[in-house]
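Presented below is the structure to which this report refers.
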2 protein chains.
Amino acid sequence: MKEFLRTKGFKMTPQREMIFRSFFELGEHVSVDELYDKVRSLDHSIGYSTVWRNLKLICKVGLAEEVNLGDGITRYDRVTKIPHGHLFCLTCKKLEEFPVDQLVGVLAETAGERDFTPESFKIEIKGICKDCLNKSEEEIESEEDNV
Amino acid sequence: MKEFLRTKGFKMTPQREMIFRSFFELGEHVSVDELYDKVRSLDHSIGYSTVWRNLKLICKVGLAEEVNLGDGITRYDRVTKIPHGHLFCLTCKKLEEFPVDQLVGVLAETAGERDFTPESFKIEIKGICKDCLNKSEEEIESEEDNV
DNA sequence: TTGAAATTGAAAGTCGATTTCATTTAGAAA
DNA sequence: TTTCTAAATGAAATCGACTTTCAATTTCAA
Ligand SMILES: [Mn+2]
Ligand SMILES: [Mn+2]
Ligand SMILES: [Zn+2]
Ligand SMILES: [Zn+2]
């Protein structure tokens, strides 16, 4: 990692080391606050802006990208070779992934037809996840009991 | 329109009348500032928050919905019967639309397989539009001339 | 005509994202 | 190893789009 960054003109620091490591441990869809909390539990002296800047750096060097679901929170998703879409539960904010190989193919074609040079594709489904649906059904049942 | 709003419990005002009219005249992908500017040119005394609130109202009554491209600006897109995706130019911020009937079918299936109840779908392609690509090519050519 | 409820405009507040700045540190070069 | 400069850091300030508050005004059903 240190080597990788150096070739791109960046230095390694203890803070950066810890932030990068923690980011990849947390896995998918990490927000600044989540990463800040995790890093803080390891080193209480690390600043919020340092975490934020390093998250941006992780994106700049191509290891992650920002995900914006329209809920005001920017999340950072590690870049994987296979493209994926997101299922975003409006109730519990959980984010699931699903493969979109063939869909992206169609989209690339669409772009080509319009002389548009695509850089990225975003495919999202917003709605209610299985768990939240069950919960709301249970609520309705218990309300019926009370009548 | 007045009738339509009344049945939903809202009142009509001169400001509202002008804001609604202007919104639909502007057409697609309107931001608060754009609409505010337009409305202001017609009536300088209208307040920003009134424009904002009425844009929200237009959404609430189902005539538009918010579009979030991750550039920090919320746009309001009139609701049409046919679902569409967005081509978003990262350079000039222009937004084109394209049909996504069959894609949405696939996505609905995907959701169903995961017991996810979809409420909305988002399909976006970010990249460089034809015009901006041509411009950047011209720049490169003129740079070559200067060498 | 009247009065409750909705609406308005200005101003203030919110909150995540971003920048500033003084200081420290990494690491290439000597 | 020492030196030196660009990069990095942490705290605090700032930004900016969005949202709420509040007193005054207006709508419209009764
Ligand atoms: Mn993801
Ligand atoms: Mn649209
Ligand atoms: Zn859920
Ligand atoms: Zn463009």
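A, B, ... follow the sequence lines: proteins, then strands. Residue 1 opens every chain. Computed from a predicted model, the values in this text were never measured in an experiment.
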Problem set entry | Joint cluster assignment, A:I58 & A:M18, ILVMFWY side-chain distance < 4.5 Å |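 The answer is yes; both residues are in one hydrophobic cluster.
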
According to side chain to side chain contact (heavy atoms under 4.5 Å, CB included), who are the partners of [X], at least two apart in sequence or on a separate chain?
X: B:V61; value: B:F4, B:L5, B:K8, B:F10, B:L57, B:L63
X: A:T13; value: A:Q15, A:R16
X: B:K130; value: A:D115, B:N134

Within the 4.5 Å heavy-atom criterion, are [X] and [Y] side-chain neighbours or not?
X: A:E17; Y: A:M12; value: yes
X: B:R78; Y: B:T80; value: yes
X: A:L107; Y: A:I123; value: yes
X: A:V100; Y: B:T110; value: no
X: B:K56; Y: B:K60; value: no

For this session: Between B:K2 and A:I19, just flag the one whose closest nucleotide in DNA chain D comes earlier from the 5' side.
Result: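 The residue mapped nearer the 5' terminus is A:I19.
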
Problem set entry | Residues in salt bridge (Lys or Arg N to Asp or Glu O under 4.0 Å) contact with B:K122, at least two apart in sequence or another chain |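 Result, salt bridge (Lys or Arg N to Asp or Glu O under 4.0 Å) vs B:K122: B:E124.
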
Exercise. Quick one: how far along DNA chain C does chain A reach, first to last nucleotide 5' to 3', anything under 4.0 Å to a heavy atom?
Worked result: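 The contact span of chain A on DNA chain C goes from C:dG16 to C:dA28.
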
Exercise. What are the 5'-most and 3'-most nucleotides of DNA chain D lying under 4.0 Å from any heavy atom of chain B?
Worked result: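 The contact span of chain B on DNA chain D goes from D:dA17 to D:dA29.
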
Exercise. With nearest nucleotides of DNA chain C determined for A:I73 and A:F10 from heavy-atom distances, which residue corresponds to the more 5′ nucleotide?
Worked result: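 Nearer the 5' end of the strand: A:I73.
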
Which donor-acceptor pairs under 3.5 Å do side chains of residues 39-48 of chain B form with protein atoms, sequence neighbours excluded?
residue: B:R40; atom: NE; partner: B:Y36; partner atom: OH; Å: 3.0
residue: B:R40; atom: NE; partner: B:H44; partner atom: O; Å: 3.4
residue: B:R40; atom: NE; partner: B:I46; partner atom: O; Å: 3.3
residue: B:R40; atom: NH1; partner: B:H44; partner atom: NE2; Å: 3.4
residue: B:R40; atom: NH2; partner: B:Y36; partner atom: OH; Å: 3.1
residue: B:R40; atom: NH2; partner: B:H44; partner atom: O; Å: 3.3
residue: B:R40; atom: NH2; partner: B:I46; partner atom: O; Å: 3.3
residue: B:S41; atom: OG; partner: B:K38; partner atom: O; Å: 2.6
residue: B:D43; atom: OD1; partner: B:S45; partner atom: N; Å: 2.8
residue: B:D43; atom: OD1; partner: B:S45; partner atom: OG; Å: 2.8

Under 3.5 Å, which donor-acceptor pairs link side chains of residues 67-76 of chain A to any protein atom two or more places apart or in another chain?
residue: A:D71; atom: OD1; partner: A:I73; partner atom: N; Å: 3.1
residue: A:D71; atom: OD2; partner: A:R75; partner atom: NH2; Å: 3.2

Exercise. Roughly how far, to the nearest 0.5 Å, is the CD atom of A:E66 from the CG atom of A:L55?
Worked result: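 These two atoms lie 8.0 Å from each other.
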
For this session: Give the angle between the helix axes at the two ends of the helix from C:dT1-D:dA30 to C:dA30-D:dT1, taking five base pairs at each end and rounding to 10°.
Result: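 Result, rounded to 10 degrees: 30°.
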
Problem set entry | side chain to side chain contact (heavy atoms under 4.5 Å, CB included) between B:C129 and B:T91, intermediate numbers included | CA-CA 8 Å; B:C129 77; B:T91 301; over 6 Å; no

Exercise. Do any of residues 29-56 of chain B sit with a heavy atom less than 4.0 Å from DNA chain C, and if so which?
Worked result: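 Those residues whose heavy atoms fall under 4.0 Å from DNA chain C, taken from residues 29-56 of chain B in numerical order, are B:S45, B:I46, B:G47, B:S49, B:T50, B:R53, B:N54.
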
Tell me which donor-acceptor pairs under 3.5 Å the side chains of residues 82-89 of chain A have, and how far apart each pair is, sequence neighbours excluded?
residue: A:H84; atom: NE2; partner: A:D77; partner atom: OD2; Å: 3.1
residue: A:H84; atom: NE2; partner: A:H86; partner atom: NE2; Å: 3.2
residue: A:H84; atom: NE2; partner: A:E97; partner atom: OE2; Å: 2.9
residue: A:H86; atom: NE2; partner: A:H29; partner atom: NE2; Å: 3.1
residue: A:H86; atom: NE2; partner: A:D77; partner atom: OD2; Å: 3.3

For this session: Scan residues 61-69 of chain A against DNA chain D and write down, sorted by residue number, each residue with any heavy atom closer than 4.0 Å; if none is found, say none.
Result: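 When residues 61-69 of chain A is checked for heavy atoms under 4.0 Å from DNA chain D, there are no hits whatsoever.
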
